[in-house]
Amino acid sequence: MRLLPIGLFLFCFLQKASAQIAFEARFPTFLDTAAYLNGVSWIDVDNDNDLDVCVSGIGGTFPNNTNPNAIFINQGNGVFENTGLINSTQKDGMRHGWSDVDNDGDLDVYFGATWNNGGVNELWLNNDGTSFTLTTGTGATPNTPQPYEGTVSWADYNNDGFTDLFVARWNNLKNVLYKSNGDGTFSAVPTDAIVTDLDWTSGGFWGDYDNDRDQDLYVVNYQTGASAPGINDLFRNNGDGTFTKITTAGPAVTDAQNTRSANWVDANNDGLLDLFVCNQFGQNLLHLNLGNGTFGSQPVGSPGYTAWSSNWGDFDNDGDQDLITIGFWDAESRFYQNDGLGNLTDITNFFPNIFPLATNGSNSNGVIFVDEDNDGWLDLHITQPGPGVADYFYHNLGAPCKSWLEIKLTGTESNRAAIGATLRAKANINGAPVWQMRQVSAQTSATGQNPQRQHFGFDQAAVADTLIVEWPSGATCVFTQFALNRLVEIVEDCSVNVLKEATPVEGSTNLLTLCTPAKDTLLTPPSGPGGTWTASCDLCISSDGLFLASTLDTGSYTVFYSQGGICGTIDTVLITLAGPPAITAVGDTTVYAGEPVQLSATGAVTYTWMPTNGLNCTECDNPLFTADTTTTFTVTGLNDAGCVGTDTVRVDVLPEPIFVMPNAFTPDGDGTNDVFNAVFEGEIFEQYTLAIYNRWGQKIFTSTRPAEGWNGKNAPSDVYVYVFDYLLIDGKTGQEKGEVTVIR
């Protein structure tokens, strides 16, 4: 079936690729003016599909510090409410990290403390977003003050479906790896290479740099010994629960600097995770993954620049990830725009309302890219120590004609939060196919955590040609012609749940109704060749517009045809797959000839009865049938959508219950008139008794079976008397008496 072209709608005007994105300062209720905020994360605490905020840090003045750790719940209208879900006693709260520790579908949080005020680490379990329970005795929360300065790093390093915890330690102490036991408790791994080095460790950052679906760890060290700059460590996961320390990967593992943090990112869209490293009093470096186990290094920014933290996000939705470095010790924070090949241009001066963040340098701790209001554009949350304003929030005002996609992953065989899963997306951007890669991580900056849902920008592309999800379990989901401009959940069984769709396209539409079971239908491109088809059902439309109706259930589906990218013309087809009406035909199934029978049908709007003989109407829902012979009627009904359903009803017409008693018979064996009984048609008797008497009143024969007559055996020619008692099927009873002559 081929549709006529549908109406066109000019969705938006083409924009220059260099159009400047602007940010607007906002002051939500989670902004703190007194605390020294070390940790900040954006997570969906209550699973309502908007993002909440968690902060940790230090308030007050030493040694009388106060605890600012808090969770602010997003009310969905730009308002964030501190509901008191966390009642921590930590006074020197440092970093924190989120993971679904118990795989119950909500995210739990681990707070790391310092030894300054005797703080201990805390693991809080989430109770469906309504409360949190502080756990003790888990093995990962030792009841001793922690010499701790680094990240809280969750990952399922052994791919058993439960996330494990790496805790970085300061003061030339060994780091700790806590393996989940799968029951809410943890065991410290005592001897692996990952926990044997003595350094001042700033943090650990998990990422699958060799694409073998297990998590490797990059450990950044501030110093070794009393003052020597640290050398960072790369530990490759062997896939058997152990790690190998890699020493031949280039400057990423040989450069000696005071490293504060790092993050994994595919900076040049080649499908491999690269490393960005922040160094204090030194040179920030981008280590590009060469795909052979080594990294090529290039400087970012000026030498001697002090950076404590950084983060990456596609703030302009052009198909690559951009970089912000957070300065410290009077060094300004910097904003870099990526060209898609890993070449970074400093665009800090384009945002005078953001930078510098303070009079004497930024003195900031963390930066988060987050789509706070689910509008498809990444906003900025930057933390800064007090006194004075302690953090800043900047809303991304976006730009027209830019596509995006945000994906929440839910593991089933893999850990529930899908930490470690890799997403790869391909789309046509500026006339060329571009692959992008993201990996779900529980730490994305020194002091903060981007949402675990993954954000992609696609510039003017109307569809993701291919979307691949690689799960830690080894499972893979592959989608083609994946619709954009929406927030979706992808489950490990490859099912897709749309959590938020883009604003519906306005303009003329074409309405199409297909009745199931429906044949695949070829839609005609209304705007000419070269466009792109997408649909709300993702895989139900092919690249040439074949709507795969045969694969779908009844329901409503939306199909878009875009000509010229997202800023070209967009046409809409609203397709309804309607099921057949459920027709039910009824009527008396057994009657006698000549009796009227009321038939009836329900479930449709119009009806047609066949055959027509004996009916007083043939296109009504309740025809009257005058019974003459057994008939099977078929009624065909149409619903409002024009879909057809049928049902049948059989009316059995019984013969009239009459019989005749003969007055003679000739039992001569010639096959004609050899027995004596009632003459009748059909099964008309409910009860039957025939008795024969001779002239002396003796009973010489009796039968209760209508088919059995008296054969006159051994009876001479004479006149005999019969008595016949009966009950007919119509309820009539009676007795017949008479004489019958045997003629030989």
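Values below: all heavy atoms of this structure, side chains included; hydrogens, waters and symmetry mates excluded.
Remark: the backbone N or O of G731 is not paired with any side-chain donor or acceptor of E686 at under 3.5 angstrom. Between the side chain of T466 and the backbone N or O of A425 there is no donor-acceptor pair closer than 3.5 Å. With hydrogens and angles ignored, the 3.5 Å screen pairs a side-chain donor or acceptor of D52 with a backbone N or O of N74. Here the side chain of D621 pairs no donor or acceptor atom with the backbone of S600 at under 3.5 angstrom. Distance alone, capped at 3.5 Å, is enough to place a donor-acceptor pair between the E492 side chain and the S414 backbone. For the pair T630 (side chain) and V653 (backbone), a donor-acceptor distance under 3.5 Å is present. In this structure, D520 contributes its side chain and S550 its backbone to a donor-acceptor pair below 3.5 Å. The main-chain N or O of R705 is found under 3.5 Å from a side-chain atom of S703 such that the two form a donor-acceptor pair. Distance alone, capped at 3.5 Å, places no donor-acceptor pair between the N639 side chain and the V605 backbone. Of the possible polar contacts, one joining the D100 side chain to the G105 backbone as a donor-acceptor pair under 3.5 Å is found.
Nearest approach of V649 to V586, heavy atoms of both residues: CG2-C, 4.2 Å. Considering all non-hydrogen atoms of both residues, A585 and W609 come closest at CB-CH2, 4.3 Å. Taking both residues in full, the closest heavy atoms of G76 and D50 are given as CA-OD2, 3.7 Å, listed atom of the first, atom of the second, then distance. Residues T412 and V491 come closest through the heavy atom pair CG2-CG1, 3.9 Å. A535 approaches V559 most closely through the heavy-atom pair CB-CG2, 3.9 Å. Residues G579 and T554 come closest through the heavy atom pair N-CG2, 3.6 Å.
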Test log, rule salt bridge (Lys or Arg N to Asp or Glu O under 4.0 Å), inputs R695 and D718: CA-CA 9 Å; R695 66 174 56 237; D718 202 350; 2.5 Å; yes

Trace of the side chain to side chain contact (heavy atoms under 4.5 Å, CB included) decision for N317 with W377: CA-CA 7 Å; N317 281 343; W377 291 90; 3.5 Å; yes

Check against side-chain hydrogen bond (donor to acceptor under 3.5 Å, both in side chains), S403 and Q460: CA-CA 6 Å; S403 295; Q460 295 180 14; over 6 Å; no

Side chain to side chain contact (heavy atoms under 4.5 Å, CB included) between R650 and T631, intermediate numbers included: CA-CA 6 Å; R650 174 187 168 99; T631 305; over 6 Å; no

Verdict with reasoning, L638 to C643, per side chain to side chain contact (heavy atoms under 4.5 Å, CB included): CA-CA 5 Å; L638 277 70; C643 301; over 6 Å; no

L548 and I541: CA distance, side-chain angles, deciding distance, side chain to side chain contact (heavy atoms under 4.5 Å, CB included) verdict: CA-CA 6 Å; L548 304 177; I541 190 80; over 6 Å; no

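With contacts defined as side-chain heavy-atom distances shorter than 4.5 Å, the pair F665/N677 does not qualify. Using a 4.5 Å cut-off on side-chain heavy atoms (C-beta onward), P706 and F659 make no contact. A heavy-atom distance below 4.5 Å is not found between the side chains of L624 and L599. Under the 4.5 Å side-chain criterion, counting only non-hydrogen atoms from C-beta, L423 is in contact with V440. Using a 4.5 Å heavy-atom threshold, the side chains of V573 and Y557 count as separate. Side-chain contact between L405 and L484: present, with at least one pair of heavy atoms (C-beta onward) separated by less than 4.5 Å. Between N711 and P667 there is no side-chain heavy-atom pair separated by less than 4.5 Å. Side-chain atoms of E372 and W42, non-hydrogen and from C-beta on, do get closer than 4.5 Å to each other.
Ring geometry, W533 versus Y561: the interplanar angle falls from 30° to 60°, so the pair is classed tilted. Using bins of under 30°, 30° to 60° and over 60° for the plane-to-plane angle, the ring pair F685/Y688 lands in the perpendicular bin.
For the 3.5 Å distance criterion, the side chains of T584 and D647 fail to qualify, holding no donor opposite an acceptor. For the 3.5 Å distance criterion, the side chains of E619 and T608 fail to qualify, holding no donor opposite an acceptor. No side-chain donor-acceptor contact under 3.5 Å links S543 and Q481. If you check the side chains of N127 and T133, you find a donor sitting under 3.5 Å from an acceptor. Inspection of the N374 and R486 side chains reveals no N or O donor paired with an N or O acceptor under 3.5 Å.
Residues Y720 and Y693 place their aromatic rings such that the two centres sit no closer than 6.0 Å. In this structure, F724 has its ring center no closer than 6.0 Å to that of Y722.
Of the charged side-chain nitrogens involved, none lies within less than 4.0 Å of a carboxylate oxygen, so that D104 and R416 do not count as a salt-bridged pair.
Between D128 and the options D46, D106, N47, a side chain to side chain contact (heavy atoms under 4.5 Å, CB included) holds for only D106.
Expressed to the nearest 0.5 Å, how far CD of Q452 lies from CD1 of I407 amounts to 14.5 Å. With rounding to the nearest 0.5 angstrom, the OG1 atom of T636 is 8.5 Å from the CD1 atom of I583. Once rounded to the nearest 0.5 Å, the distance linking CE of M610 with OG1 of T634 reads 8.5 Å. Rounded to the nearest 0.5 Å, atoms SG (C537) and CG (D553) are 11.0 Å apart. In this structure, CG on L539 lies 11.0 Å from OG on S542, to the nearest 0.5 angstrom. Taking OH of Y607 as the start and CG of N622 as the end, the distance is 10.0 Å to the nearest 0.5 Å.
For E683, the CD atom is loosely surrounded, since the number of other residues' heavy atoms within 6.0 Å does not exceed 12. Dense packing is recorded around CD of E736, with more than 12 heavy atoms of other residues, nucleotides or ligands lying under 6.0 Å away. Around CG of D48, the count of heavy atoms belonging to other residues, nucleotides or ligands within 6.0 Å exceeds 12.
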